[in-house]
2 protein chains.
Amino acid sequence: MPYSYLSHLECSKCGKVYDANQPWNVCECKGPLFARYDLELAVRHLRPESVARRPGSLWRYHELLPVQKPDNIISLGEGMTPMLPLSLLGDYLGLHNLFMKDEGLMPSGSFKARGAAVGISRAYELGIKKIVMPTNGNAGAAWALYAARAGMKAYIVMPEDAPPITKRECTSSGADLYLVRGLVSDAGRMTSAAVADYGWFDTATLREPYRLEGKKTLGFEIAEYFAWDAPDVIVYPTGGGVGLIGIYKAMLELRSLGWLEGGRLPRLVAVQASGCAPIVKAYAEDKLVSDFWENAESVAFGITVPKAFGDFLVLEAIRETDGCAVSVSDEEILLWQQRLAREEGLFVSPEGAATAAATSQLVESGWIRPQERVVLLNTGSGLKYPHTFEATDIPVLNPGDELFVN
Amino acid sequence: MPYSYLSHLECSKCGKVYDANQPWNVCECKGPLFARYDLELAVRHLRPESVARRPGSLWRYHELLPVQKPDNIISLGEGMTPMLPLSLLGDYLGLHNLFMKDEGLMPSGSFKARGAAVGISRAYELGIKKIVMPTNGNAGAAWALYAARAGMKAYIVMPEDAPPITKRECTSSGADLYLVRGLVSDAGRMTSAAVADYGWFDTATLREPYRLEGKKTLGFEIAEYFAWDAPDVIVYPTGGGVGLIGIYKAMLELRSLGWLEGGRLPRLVAVQASGCAPIVKAYAEDKLVSDFWENAESVAFGITVPKAFGDFLVLEAIRETDGCAVSVSDEEILLWQQRLAREEGLFVSPEGAATAAATSQLVESGWIRPQERVVLLNTGSGLKYPHTFEATDIPVLNPGDELFVN
């Protein structure tokens, strides 16, 4: 049996089919290309029990990933991150089954490593030598590190205001980093121009088909954790939205395989910051695509994306699963970031904290009910965002001083 | 069968036995206490094949850990970190089987989470409510987060110069943090005084028996990765040295169980910074204990420990396994930190980089031979040490500017 059941690429807009054995970016119609697999082969030959016996990495789902040969896998030990019960905060919110999947325990400290691991491995397999991408920081860091491991050259453009540590990850791993006095949308226009000028391979969000496949493993892992009975709700901090699109794609594939208990899909929730909420606005206005969000700004820098290339796919995933989209303020985000550390010992990114803030709203409105199984996605480690944690007054003592108690 | 095979505590110096069902710190003779297990029971009832089928966390070894009831486990998803082949650096050094175990993928971004997970879980089980510890940063951060999750109060004392992010981990999780204008040895004297004054439970290195048990799982995981045929060499960055003592204890236990191929132990290497190398000096002078290292200083802050409480145990572990102790300069550390990022995509702590620098020395001297299987331990994520990564000149562009190529 083949290692990967990849069969072809298909445009998510117009349906046009492409040969998966050569590198592609987007369709002629500009639509993102989706990887498609021989699911009939999988129905006949792949069993959840055999997946369960495999090593704890995202590559345990290799039949449904695009890499053809295990030798081409570029790995830094990615996947199978923990699902942590939030008992105290659950009690506080009146939820009996609240969980956080902690993607801070990924290489480079964020869930972007999923897309980078699969995207770089497949690019390596297809013979690509130079990649370029715009980023809000974490994706660039992850792709730069995996590119270094693959011996590929990475060109990264990020906003000047991106988290400082992500810049050091890029430069240390030998990437060429450019900062821009602007937002990720400005960076994106500049990388597009560079693709035209230099012929570098464009790895911007949904501009090549395989980053999505890496993010898809989030959905596989969540479903496997719940013994293939999908949770009721998954709450996802949404910038470009690839993770949410990926989770939806994963669930549809699992349903096609007949692995998903009762064929039930989780309700997908897109969370955005109130300072940059184009998806929330489009959802509320029942639109199929979002408008560019002017003057975008939020402490949750990773989801400060004024216009996502895959907005129509995010909106589709939300609607098709009876999900929703909500926005939360920076104040709520910082409050919940503190609560997660203090009550649950979880040191999370502001994006991750946004999911807890959103859940609080959705419980209050009755949209989430007490018995429902709810998964919050922490997309990155708090270690990457020191500036978002309060610098409280810390006493500085001399050697031998007594420790006074407040 | 019991969940844990813990039978009693035993002094590592004088052999006196203590009841494990109540809290203890050190022996009357001041020696560290070791947890002992009913290994005969384990020989009869525990099989490597059954361990292999368990979930990917350090609790898969629960029979050989001290926690009596699974309900008492305080978990943030710790353990089973990746073992990454270093092919390019291996080629460069002339080693055919070089690996790095990456403990950056642990809760709180460092291997200290192992000791904290087991130490806090057992303290919780024994009814302890308040803990105190001196730290160079990472241990305090880990224990503060696990204490928060357990609903316990933590008092932490660290040098003013400790990595800034570790201070935020402590305060965010509700610990009382004190900084001292001095070294971890100064912090240790102050926590000892506080233990006497306030009756807080002392969780300083080897001042209670269970942190070591958490660190021991490093040895179990390494052995399991190599199918219970221990690697030839394990290279460990040594401050307090609990990880090295723990790996040695793990290997002895596995040998007693008959699990270790040929009963062979790995040669254990203690690496220190040349600015603070008390163990290296004691090893070179063939002494059983180390002297206090004056004016200690190194970029590898985590291993800047002038006098380790368990120094005699570290020296014993090195000698009994035909290991050795070597020191490396800050320049070498920073050079290898860059090399690991650039060649292997690994963004590691300076302590982790020190192991690569030491390995380079040991290959050159012939102490490590080309075919040997060598494991470097990266004890923490580079994300916690932004200041150790070069801030190179990064171009700052305006929106629409062209990306020039250097």
Side-chain angles (χ1 to χ4, degrees), chain A residues 56 76-77 80-82 84 102 105-109 145-146 148-149 155 157 160 164-165 167-169 171-174 176-182 186 189-190 193-194 198 338 341-347 381 383-384 386 389-392 394-403 405-406, chain B residues 56 75-77 80-82 84 102 105-109 145-146 148-149 155 157 160 164-165 167-169 171-174 176-182 186 189-190 193-194 198 338 341-347 381 383-384 386 389 391-392 394-403 405-406:
Chain A
L76 290 167
M80 292 304 275
T81 51
L84 303 170
D102 188 4
L105 274 68
M106 285 291 275
S108 82
L145 287 161
Y146 281 90
R149 193 156 174 86
Y155 300 90
V157 189
E160 198 179 7
I165 191 72
K167 299 170 190 168
R168 288 169 194 255
E169 290 173 271
T171 55
S172 295
S173 54
D176 277 9
L177 175 64
Y178 307 82
L179 303 179
V180 58
R181 296 185 185 91
D186 299 298
R189 280 186 285 270
M190 291 157 78
Y198 301 119
Q338 286 291 333
R342 204 166 278 256
E343 309 295 338
E344 300 287 357
L346 274 154
F347 196 72
S381 171
L383 299 175
K384 304 195 83 169
F389 292 91
E390 236 177 283
T392 49
I394 305 168
V396 184
L397 309 178
N398 288 314
D401 282 357
E402 203 181 328
L403 305 187
V405 182
N406 294 317
Chain B
S75 176
L76 290 167
M80 295 302 276
T81 52
L84 302 170
D102 187 5
L105 274 68
M106 286 289 276
S108 82
L145 288 161
Y146 280 90
R149 194 157 173 85
Y155 300 90
V157 190
E160 199 179 6
I165 191 73
K167 300 170 191 168
R168 289 168 193 256
E169 290 173 271
T171 56
S172 295
S173 54
D176 277 10
L177 174 64
Y178 306 83
L179 302 179
V180 58
R181 296 186 184 91
D186 299 299
R189 281 185 284 271
M190 292 157 78
Y198 301 117
Q338 286 290 335
R342 203 166 278 257
E343 308 295 337
E344 300 286 357
L346 273 152
F347 196 72
S381 170
L383 299 176
K384 304 195 83 168
F389 292 91
T392 48
I394 306 168
V396 184
L397 310 178
N398 288 314
D401 281 358
E402 203 181 327
L403 305 188
V405 182
N406 294 317

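Letters A, B, ... are given to chains in the order of the sequence lines, protein chains preceding strands, and every chain is numbered from 1.
- Residues A:Thr81 and A:Asp102 have side chains not in contact (no heavy-atom distance under 4.5 Å, counting atoms from C-beta outward).
- Of the listed residues (B:Leu145, B:Leu397, B:Leu177), the greatest number of heavy-atom pairs within a distance under 4.5 Å of chain A belongs to B:Leu397.
- Chain B forms the most heavy-atom pairs under 4.5 Å with one residue out of A:Ala193, A:Ala341, A:Gly182, and that residue is A:Ala341.
- The residue among B:Leu84, B:Val157, B:Leu346 with the most heavy atom pairs within less than 4.5 Å of chain A is B:Leu84.
- If you tally non-hydrogen atom pairs under 4.5 Å between each of B:Ala194, B:Ser75, B:Pro107 and chain A, the highest count goes to B:Pro107.
- Distance alone, capped at 3.5 Å, places no donor-acceptor pair between the B:Arg181 side chain and the B:Glu160 backbone.
- Each of B:Gly56, B:Pro82, B:Ser172 has some count of heavy-atom pairs under 4.5 Å with chain A, and the biggest count is that of B:Ser172.
- Side-chain N or O atoms of A:Tyr155 include none that pairs as donor or acceptor with a backbone N or O of B:Leu403 at under 3.5 Å.
- Proximity to chain B is absent for every atom of A:Tyr146, based on heavy atoms less than 4.5 angstrom apart.
- Judged by distance alone, with hydrogens and angles left aside, the side-chain atoms of B:Arg342 form no donor-acceptor pair with the main-chain N or O of A:Ser173 at under 3.5 Å.
- Interface summary for chain B: among A:Gly174, A:Pro395, A:Gly109, the most heavy-atom pairs under 4.5 angstrom belong to A:Pro395.
- Across A:Tyr178 and B:Val405, no two heavy atoms sit closer than the pair OH-CA, 4.1 Å.
- Annotation: maximal heavy-atom pairing with chain B below 4.5 Å, among A:Gln338, A:Arg189, A:Met80, occurs at A:Gln338.
- To the nearest 0.5 Å, atom OG of residue A:Ser381 and atom NZ of residue B:Lys384 are 8.0 Å apart.
- Looking at A:Glu343, the atoms closer than 4.5 Å to chain B (heavy atoms on both sides) all sit in the backbone: N, CA, C or O.
- Chain A forms more heavy-atom pairs under 4.5 Å with one residue of B:Ile165, B:Leu105, B:Val180 than with any other, namely B:Leu105.
- How far CD1 of B:Ile394 is from CG of A:Asp176: 11.0 Å, rounded to the nearest 0.5 Å.
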